[in-house]
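Throughout, numbering of the chain's residues begins at 1 and tracks the sequence. Whatever order the structure lists them in is the order used to number ligands and atoms, beginning at 1.
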Amino acid sequence: MMVLDGKIASAAVKEQLKQQTEQLRAAGKRAPHLAAILVGTNGASETYVASKVRNCEEVGFGSTLVRLEENVAESALLEAIQALNDDPGVDGILVQLPLPKQISEQKVIEAINPAKDVDGFHPSSVGKLVQGLPSFIPATPYGIMLMLEHFNIDTKGKHAVVIGRSNIVGRPMSILLSSNLAYGNCTVTICHSHTKNLAAFCTQADILVAALGRPEFVKADMVKPGAIVIDVGITRVEDATAKKGFRIKGDVAYAEVAPKTAAITPVPGGVGLMTIAGLLKNTLAAYQART
Ligand code: GUN
């Protein structure tokens, strides 16, 4: 069994980005710049956004964090996005999801200039992705593709089963794995909350992507021996014995599943780190297209 270590794969991607940024700076150009908007004080969102900003610094990108109150009006958030759309020094814009109830996520996603849509959630980006045109790929599926590439996982002709159909992970993941790409060309099955006999699909998967957001949902008897297992889950589960009062759990029961697999991503230290690598690559791509 091989551990698909996100620390190793993301460090490789980040080192390359750092060198590219140094070359830009050496040529007298400005660095790529990511702007993140965080609404409210959701603990997990705070952690993710802080990590995104910190990683920008690590590779030499500029970053801006815009913080808005939990009760901010939708119109004020849309104005903040417009200001970033209009700012020539900003290459990429992301609004951390989820958003409070008074705000339409769809309106927010559509307000971002598609040229700065480094999350790849705008319908224009999604449409391009579906048609196989160059586009911003949502960061988590992009990170998983970078992981498959880093560890040179053979995907061609394999049966991939994706559990979860979210716009952030499951749906774009299914499109990428079925696309005619170096680490695509899979036959893909998408499973979701209405799938009957989910385990029967999972046990047929050469590549199993768990992106349903239910801690330790995938058990050993749902996994084919020798499968590649990609765990996208990052749920905080209360644990009084942990320093922070919670532990991060993946969607896969790692201890019992890992010995059965050919390769598996750990949680934490797997897909989460690759998500940031994907976001940074999108930010550089946005910069290159704009300058
Ligand atoms: N919430 C969970 N994942 C993501 C992501 O990739 N981008 C944003 N903006 N919000 C998220």
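Under a hydrophobic clustering in which Ile, Leu, Val, Met, Phe, Trp and Tyr are joined whenever their side-chain heavy atoms come within less than 4.5 Å, directly or via other members, Y142 and I8 fall into different clusters. Note: the hydrophobic cluster containing M173 also contains I168 (ILVMFWY, side chain heavy atoms under 4.5 Å, direct or indirect links).
Residue K158 forms a side chain to side chain contact (heavy atoms under 4.5 Å, CB included) with just one option from T187, I207, I228, L177, and that option is I207.
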Could you tabulate the donor-acceptor pairs under 3.5 Å formed by side-chain atoms of residues 27-34, not counting sequence neighbours?
unit_1 : atom_1 : unit_2 : atom_2 : d
R30    : NH1    : D91    : OD2    : 2.9
R30    : NH2    : D91    : OD1    : 2.8
H33    : NE2    : T64    : N      : 3.4
H33    : NE2    : T64    : OG1    : 2.6

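R247 and T241 form a side-chain donor-acceptor contact under 3.5 Å, judged by distance and modelled atom types alone. Residues Q19 and E15 bring a donor and an acceptor atom of their side chains to less than 3.5 Å of each other.
For ligand 1, the 4.0 Å heavy-atom shell takes in K52, L94, V95, Q96, L97, D119, F121, I168, ordered by chain and residue number.
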